[in-house]
**Q** 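Questions regarding the structure given below will be posed in turn.
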Amino acid sequence: MEKISNCASKANRTVNQIKLVVVTKNQPAEKIIEVIEAGALYLGENYPEETIEKWKQIGNCCDESIQIHLIGHLQSRKIPMILNRFDVFHALDSVRLAEKINARIIQEEIKPLKIFLQFNVSGENEKFGWLAEDENKWPNLTADFERIIAMKGLQLEGLMTMPPFVNASEENRKYFDRLRRLREFFVLRYPEIHLPELSMGTSQDYQSAITEGATFLRIGTLIMGSRNSLD
Ligand SMILES: *Cc1c(COP(=O)(O)O)cnc(C)c1O
């Protein structure tokens with residue numbers, strides 16, 4: 001938090017505009033308890049089964065106010081696993097998935113799920129999210145956007161991106177800048193919508209993400225150490 005705070009002041013921002021999601025995927029329950037004791041409030045996970053399994057072990061040890069955020073791509077057959085367990089979903093990446101989540105929430109009469117729309121602002125082939133590399137094509141994104149904001153079971157919070165793997169934080173700054181401007185594009189077009197958040201920046205590039213306006217950072221290895229997996 002001290003590092004985040006220093007970056008924030010360099011960017012003339014205050015640290016309370018920035019929330020830290022500690023990414024605990026592929027990390028054991030003991031380490032998660034440790035990081036909660038150290039003050040983590042938001043935990044990021046990628047795999048619903050793994051998360052449910054670990055939280056059986058973590059159980060009641062922890063404060064109710066700890067939030068679990070699903071930060072990675074979701075397969076629609078796993079929707080039932082995430083409802084009522086995850087507080088926020090950072091990686092909504094298609095209208096089809098949105099429709100399925102929404103239908104389930106309406107049917108079960110549960111509270112709306114907070115979501116982020118994931119955009120691929122770098123144009124990398126293997127990345128999830130709506131392709132938004134070319135600004136001239138942003139108007140093409142509005143049809144899907146309008147369908148999603150009309151869904152009563154989803155509460156849109158902001159935009160999310162996962163840029164390329166790089167060695168220096170600065171290399172991804174242009175992509176964070178692009179996501180920030182994409183948010184502005186939507187806000188100008190739909191002044192009535194609520195779209196306050198930008199989920200961007202990981203261990204490798206959180207500094208640039210802060211400079212460009214991130215409100216949620218998703219940091220794993222830098223805090224938790226390495227994982228036994230490639231993602
Ligand atoms: C794993 C993951 C992170 C964290 O990456 P680190 O390099 O460990 O900080 C952030 N966002 C998403 C979507 C991830 O899958």
Side-chain angles (χ1 to χ4, degrees), residues 1-4 7 18-29 31-32 34-36 38-52 54 67-75 78 81-82 85-94 97 101 113-132 157-173 175-176 178-180 182 197-231:
M1 286 309 295
E2 205 173 296
K3 285 185 175 172
I4 291 169
C7 287
I18 304 167
K19 290 173 265 322
L20 171 61
V21 178
V22 180
V23 178
T24 51
K25 65 175 172 216
N26 295 326
Q27 299 285 1
K31 281 178 84 177
I32 297 178
E34 234 177 287
V35 84
I36 292 170
L41 296 172
Y42 311 101
L43 303 178
E45 290 281 352
N46 291 51
Y47 314 106
E49 292 99 325
E50 180 200 324
T51 311
I52 292 166
K54 287 190 298 196
Q67 290 188 6
I68 309 180
H69 291 212
L70 183 67
I71 61 171
H73 177 72
L74 177 68
Q75 290 169 279
K78 296 186 183 171
M81 291 184 202
I82 72 150
R85 285 178 202 265
F86 288 84
D87 297 283
V88 185
F89 176 35
H90 287 242
L92 185 65
D93 54 11
S94 73
L97 180 62
I101 299 173
L113 181 67
K114 291 183 175 164
I115 55 139
F116 285 73
L117 303 179
Q118 180 169 1
F119 289 94
N120 174 353
V121 287
S122 62
E124 279 181 296
N125 280 330
E126 70 276 20
K127 285 276 147 66
F128 287 111
W130 281 269
L131 189 61
E157 293 290 323
L159 311 185
M160 178 273 209
T161 197
M162 189 74 187
F165 187 75
V166 288
N167 291 316
S169 173
E170 197 60 26
E171 292 175 51
N172 279 339
R173 184 159 167 191
Y175 301 124
F176 298 136
R178 193 169 291 157
L179 194 72
R180 179 177 56 74
L182 180 59
E197 313 290 357
L198 286 173
S199 171
M200 58 192 197
T202 66
S203 295
Q204 60 167 356
D205 51 23
Y206 72 93
Q207 302 93 331
S208 299
I210 292 171
T211 310
E212 293 299 338
T215 63
F216 278 91
L217 304 169
R218 308 179 311 268
I219 301 182
T221 40
L222 206 57
I223 298 170
M224 303 298 293
S226 59
R227 295 178 288 267
N228 298 324
S229 129
L230 292 172
D231 61 4

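This structure is a prediction, so every number in the text was calculated from the model and none was measured. Because only heavy atoms are used, hydrogens play no part in the values below, and waters and symmetry mates are left out as well, while side chains stay in. Counting starts at 1 for both ligands and their atoms, in listed order.
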**Q** For residues Thr24 and Lys31, determine if any side-chain heavy atom of one lies less than 4.5 Å from a side-chain heavy atom of the other.
**A**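 No - every pair of side-chain heavy atoms lies 4.5 Å or more apart.
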**Q** Once you restrict to heavy atoms under 4.0 Å, what part of Ile71 touches ligand 1? Side chain, backbone, both or neither.
**A**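 Answer for Ile71: both.
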**Q** Taking only heavy atoms of Ile219 into account, list the atoms of ligand 1 that are under 4.0 Å away from them.
**A**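 Atoms satisfying the 4.0 Å criterion: 9 (O).
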**Q** Give the numbers and elements of all ligand 1 atoms closer than 4.0 Å to a heavy atom of Arg218.
**A**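 Result: 4 (C), 9 (O), 10 (C), 11 (N), 12 (C), 13 (C).
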**Q** Determine, using heavy atoms of Lys25 and all atoms of ligand 1, whether some pair is separated by less than 4.0 Å.
**A**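 A heavy atom of Lys25 does come that close to ligand 1.
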**Q** Quick test of your reading of the structure: of Ile223, Leu222, Val22, Thr202, whose heavy atom lies closest to atom 5 (O) of ligand 1?
**A**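 It is Thr202 that holds the nearest heavy atom.
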**Q** I need the atoms of ligand 1 closer than 4.0 Å to a non-hydrogen atom of Thr221, numbered in the order shown.
**A**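 So the atoms of ligand 1 that pass are 6 (P), 7 (O), 8 (O), 9 (O).
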**Q** Below 4.5 Å, heavy atoms only, C-beta onward: do Asp205 and Phe176 meet side chain to side chain?
**A**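 Yes - at least one pair of side-chain heavy atoms lies under 4.5 Å apart.
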**Q** Please work out which of the three classes, parallel, tilted or perpendicular, describes the rings of Phe116 and Phe216, given edges at 30° and 60°.
**A**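 The rings of Phe216 and Phe116 stand perpendicular, inter-plane angle above 60°.
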**Q** Is the shortest side-chain N to carboxylate O distance from Arg178 to Glu212 below 4.0 Å?
**A**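 Not counted as a salt bridge, because no side-chain N and carboxylate O are separated by less than 4.0 Å.
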**Q** Is the closest N or O pair between Arg227 and ligand 1 shorter than 3.5 Å?
**A**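 In this structure, Arg227 places an N or O atom under 3.5 Å from an N or O of ligand 1.
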**Q** Is it true that atom CD of Glu2 has more than 12 heavy atoms of other residues, nucleotides or ligands lying nearer than 6.0 Å?
**A**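 12 or below, so no.
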**Q** Numbering the atoms of ligand 1 from 1, which are under 4.0 Å from a heavy atom of Met162?
**A**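 Counting atoms of ligand 1 from 1, those under 4.0 Å from Met162 are 11 (N), 12 (C), 13 (C), 14 (C).
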**Q** Give the numbers and elements of all ligand 1 atoms closer than 4.0 Å to a heavy atom of Gly220.
**A**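 By the 4.0 Å cutoff, the relevant atoms are 4 (C), 6 (P), 8 (O), 9 (O).
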**Q** Side chains of Leu92 and Ile101, heavy atoms from C-beta outward: is any pair under 4.5 Å?
**A**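 Result yes, sub-4.5 Å side-chain heavy-atom pair found.
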**Q** A side-chain contact here means heavy atoms from C-beta on lying under 4.5 Å apart; do Pro48 and Ile82 qualify?
**A**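 Yes, at least one pair of side-chain atoms sits under 4.5 Å.
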